[in-house]
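Order of listing sets the numbers, starting from 1, for every ligand and every atom in it.
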Amino acid sequence: MIRKFLRKVFSRKTPVSKSTAQLNTISNTRHGIRRNLINPCALKIATNLQQAGFSAYIVGGAVRDLLLGLTPKDFDVATNATPEEIHKLFRRSRIIGRRFRLVHVMCGAETIEVSTFRGSSPPDIEEDFVAIPLTDAHGRLLHDNVFGNQEEDAVRRDFTVNALFYDPVKEEILDYLNGFDDIKIKKLRIIGDPVQRYREDPVRLLRAVRLASKLGMQIDAQTAQPIGDLAPLLQNVPPSRLFDEMLKLLLSGHSLSCVVELRARGLHHGLLPMLDVILEQPSGERFITIALKNTDERIKQNKPVSPGFLFAILLWHEVLSNWSSQQASGEKPMPALFKAMDQVLSLQHKKLAIPRRFDAVIQEIWAMQPRFEARSGQKPFRLLSHPRFRASYDFMQLRCESGELSVELGEWWKAFLSAGNEEREKMLPKQTAGKKPRRRRSRKKPSSSSTVQPDNSGNPENI
Ligand code: ATP
Ligand code: MG
């Protein structure tokens, strides 16, 4: 009992919000969101919940994006119904999550996430006499699994612009934290005390940078001020969450400006070796810049981008430096490359939790690089028929563009790809006199009709 009381007294978060939150209702004529831009499934789910007597709203990023004239990535619904009540109402739904349970409601081929309003207070643990820490030593929240009311749900969110509720029936926006005004003036403002909120969840440091770039917003001065000082807190975040957030950042369509911002705010240390080391070397910086610009363009054109390809890029200069150390200590080139690849990847598994399912792609792209420099005999033909050729080829072209390889090599490969088979044979150096030309046997050369065309995309379709 005493322990419980002490915990309550000392660990309860400052009620940021409760004193400052004041509800503003914004009518359709002011916000101007057109219903036809809202995902029909999310609309239907929120409406059905309301018809069943609950309150239910479209929340978070979707409302924000619609107000900014952007196309939302996903539509989330928040309600005062419990997960069981939601599940009961929608036949095609399932409760997911152990720590904080929410419901996935299936609608056609889509899935909409429906969550019960959450509060920010620590859980009230009745029975235990064992002290359960509510935050870690740095203030990171270890529990955020309490239900709350709508206002508490607004307050526990990260930025004011992310805390708007859209009522699809009344077509009104409910705004407890002046997020609507912040959207109008394009200010990204954290909810509550910035230091405390970053300490509770350091991933918000990265979200601030990502969302400001993506939304073209300015980070409010007080929200921005502690970012650099608190950057070391990221070391304390579980690697899998860091990976998810880094991936979101890299696939945001604004990866280049995000990476530049991360660096400017001192958030790059320890995130990825490329951010630590590469950006400080001119050749590495050029390679990353070209690659990320390429990735951003692909995303804007709705072309697929493979995370494996992206991580192969981000870690390449780490591999290069490890590779040359291995060779300097007497290892032969190829075994040295394989050792370097293994070492770089195993370090990243620990640090950033790059899932192992990407390893094969990453390794193949790297391992094929020396083969582009061997332009004799049948080697280029064999390379062409490799299933990962396209990705490795795009990667090699980025190396040429950044100055790591000669422009001539890149041009040669472009010409080789667009040539017919006869021309290709002519492009390869003649066999040395006295040496019998080796006949290629069963391996089939790609015919002219299956000729791989360079698309200069900097990213593969076939991963
Ligand atoms: P995106 O456009 O990338 O989807 P988003 O803001 O929708 O941006 P999500 O990760 O989809 O990001 O999160 C949905 C909502 O959940 C956010 O708008 C915000 O209200 C809340 N949220 C997400 N992450 C956090 C966090 N770390 N702390 C507090 N609230 C968060
Ligand atoms: Mg979202």
Polar contacts were defined as any N/O atom of the residue lying under 3.5 Å from an N/O atom of the ligand; does this apply to [X] and ligand 1?
X	result
G61	yes
K248	yes
D76	no

- Query: Without hydrogens or angle criteria, can the side chains of E401 and Q397 be said to hold a donor-acceptor pair below 3.5 Å?
  - Reply: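 Their side chains do not contain a donor-acceptor pair, so the 3.5 Å distance test is not met.
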- Any side-chain donor near an acceptor of the partner, Q369 and W316, under 3.5 Å: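 Not at all, the side chains of Q369 and W316 share no donor-acceptor pair under 3.5 Å.
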- Task: Measure from atom 19 (C) of ligand 1 to every heavy atom in D158, V203, D65, D244 and give the option owning the shortest one.
- Result: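 Ranked by closest heavy atom to atom 19 (C) of ligand 1, first place is D158.
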- Query: So between R156, R204, R64, E245, whose heavy atom ends up nearest atom 26 (C) of ligand 1?
  - Reply: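 It is R204 that holds the nearest heavy atom.
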- Query: Among the heavy atoms of K214, does any lie under 4.0 Å from an atom of ligand 1?
  - Reply: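 True for this residue.
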- Task: Examine ligand 1 and decide if any of its atoms is less than 4.0 Å from a heavy atom belonging to D74.
- Result: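 Checking ligand 1 against D74, which is what was asked, there is a heavy-atom contact under 4.0 Å.
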- Check D201 against ligand 1 and report side chain, backbone, both or neither, counting heavy atoms closer than 4.0 Å.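 It is the side chain that touches ligand 1; the backbone stays farther off.
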- Item | R157 and ligand 1 - part of the residue with a heavy-atom distance under 4.0 Å |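 It is both parts that get close, each with some atom under 4.0 Å.
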- N, O or S atom of D74 closer to the Mg ion (ligand 2) than 2.8 Å: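 Yes, within the cut-off.
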- Message: For a quick test of reading the model, state the closest non-hydrogen atom pair linking S402 to R399 and the distance between them.
- Response: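 Result for this residue pair: OG-O, 3.1 Å.
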- Task: Find all atoms of ligand 1 within a distance of less than 4.0 Å from any non-hydrogen atom belonging to G60, and give their numbers and elements.
- Result: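 This gives 18 (O) as the contact atoms.
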- Query: Just one of R64, R204, R207 clears the salt bridge (Lys or Arg N to Asp or Glu O under 4.0 Å) bar with D158, so which one?
  - Reply: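 Among the candidates, only R207 passes.
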- With side chains defined as the heavy atoms from C-beta onward, is the minimum distance between F309 and L398 less than 4.5 Å?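 Counting from C-beta outward, F309 and L398 do come under 4.5 Å.
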- Item | Min side-chain heavy-atom separation I183-M217 under 4.5 Å |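 Sidechains of M217 and I183: in contact.
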- Item | Check against ring-ring contact (aromatic ring centres under 6.0 Å, His included), F311 and F243 | CA-CA 11 Å; F311 284 104; F243 175 80; 5.3 Å; yes
